[in-house]
Amino acid sequence: MKIIAKKSLGQNFLFDKNIIKIITDCTKIENKNILEIGPGTGNLTKEIIRKKPKKILLIEKDTKLLDLLKKKYTENITFINKDVLKINENFLSKEKLVVFGNLPYNISTEILIKWILNLGSKVWFEKLILMFQKEVADRIISKFNTSTYGRLSIMCNWRLNIKKIIDIKPNSFKPKPKVDSSLLIFTPKEKFFNLDSPKTIEKITRIFFNQKRKKIKKSFNLLFNNADLVAEKLQINLNLRPQNLDYEDYYLIAKEFENLRN
Ligand code: SAM
C-alpha cells in the first residue's frame, strides 16, 4: 500500500538503516519497557522489536498508520491512537520506560518541556531518545556565555543529563525535511535542585530572557523587593547579562524566589 506522508503531522520517515542502527544502539533495549512516540511506518519500531524488549507502547496520532502496524505486529505491543501531547505520561506504565521519539520538530520541544514541567520526585522514564531540529538541539545542549544559551537549556538541564548522539542530514528521511536534525539522549539526574514547582524556573527564565541584552539587575528588581541583598547572598553580580549566568545560578535564584514567596 502506498503511503502518502502527511505534512500536517510532520511525517518525514527515517529510512537510513545506519541511522536507525545508531538510534537503537544508543541504549539497551533487551528486556526493557519501551515507549515509541510517532512510530509512523514502523522503521524504528521494527529494529526495536528485533532487540527483544519486554514490552512496547506505541503512541501514534495517525490512525491509518497505526492500523497498518497493528496488522504487522501483535506480541507485547500496546497501540495507543492518540495525540501524545494529550496523554498523561505518569499513567502509561508502572515500570520505567525507555522512550524513543522521532516526532515532528515542534512537538519534540513541546513534549519535552511538558514532561519536564510535570516531573515529580519519581521519574517515569529511564531514558529519552528524541530527535530535534539541529538548531533546537544545539540550544538544548548549549552552555552559558554562548549565543545559543537560554531558557531551553536552563529548563532541560535542571533535571536531565543531556548528550548529543548524532547529527542527521535531510537525505536520511523521506520526504526530506528542509533542515538538519540531531538526536539527543536524556537521562534523569540523581541530584538536582529541589523546587516546589518546576514552573518557577519557567517564570524566572522568562523574566530574564525577555530582557536578554539588559543587565540582570533589571530582572532582579522585578523579582525581589531587595534585589541587592539577594544578589549578595547568592553571590551573583548584577552587572552581568542573562547569558552570563550558569544553569546553577538560575536554579539558586528560583529556589530563593520560592523561599521568599512562602
Ligand atoms: N518514527 C517514524 C520514523 O522514524 O520513520 C516516523 C517519524 S515522523 C517524523 C513523525 C511521526 O509522528 C509520524 O508518524 C506522525 O504521524 C506522528 N505524530 C505527529 N504528531 C503526533 C502527535 N501529536 N502525537 C503522536 N504522534 C504524532
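Numbering of ligands and ligand atoms starts at 1, following listing order.
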Quick one: does [X] get a heavy atom under 4.0 Å from ligand 1?
X      : value
Lys82  : yes
Ile107 : yes
Ile37  : no

Within 6.0 angstrom of [X] [atom1], more than 12 heavy atoms from elsewhere:
X      : atom1 : result
Lys169 : NZ    : no
Lys46  : NZ    : no
Glu95  : CD    : yes
Asn225 : CG    : no
Lys203 : NZ    : no

Which of the listed options, [options], holds the heavy atom that is closest to [atom]?
atom                    : options                      : answer
atom 13 (C) of ligand 1 : Met131, Lys86, Lys64, Gln11  : Gln11
atom 1 (N) of ligand 1  : Gly40, Gly38, Pro104         : Gly38
atom 24 (N) of ligand 1 : Ile23, Ile3, Thr41, Val84    : Val84
atom 15 (C) of ligand 1 : Glu110, Glu60, Lys174, Lys61 : Glu60
atom 23 (N) of ligand 1 : Ile87, Leu85, Asp83          : Asp83

*Give the cluster check for Leu112 versus Tyr250: same hydrophobic cluster or not, with ILVMFWY residues linked at side-chain heavy-atom distances below 4.5 Å.*
yes

*Given salt bridge (Lys or Arg N to Asp or Glu O under 4.0 Å), test Glu135 with Arg139 step by step and report yes or no.*
CA-CA 7 Å; Glu135 181 255 326; Arg139 283 202 278 132; 3.3 Å; yes

*Atoms of ligand 1 less than 4.0 Å from Leu103 heavy atoms?*
12 (O), 27 (C)

*Is it the side chain, the backbone, both or neither of Glu36 that has a heavy atom closer than 4.0 Å to ligand 1?*
side chain

*asked:* Just to be sure I read this right, does ligand 1 sit under 4.0 Å from the backbone of Asn43, its side chain, both, or neither, counting only heavy atoms?
replied: side chain

Looking only at distances, can you tell me whether any N or O atom of [X], backbone or side chain, sits closer than 3.5 Å to an N or O atom of ligand 1?
X      : answer
Asp62  : no
Asn102 : yes
Gly10  : no

*Looking only at protein heavy atoms, which one is nearest to atom 5 (O) of ligand 1, and how far off is it?*
Leu14 N, 2.8 Å

*Do me a favour and list the nearest non-hydrogen protein atom to atom 19 (C) of ligand 1 with residue, atom name and distance?*
Leu9 O, 3.2 Å

*Short side-chain donor-acceptor distance under 3.5 Å, Ser93 and Lys55*: yes

*How are the rings of Phe193 and Tyr251 set to each other: parallel, tilted or perpendicular (split at 30° and 60°)?*
tilted

*Can a salt bridge be assigned to the pair Lys143 and Asp246 using a cut-off of 4.0 Å between side-chain N and carboxylate O?*
no

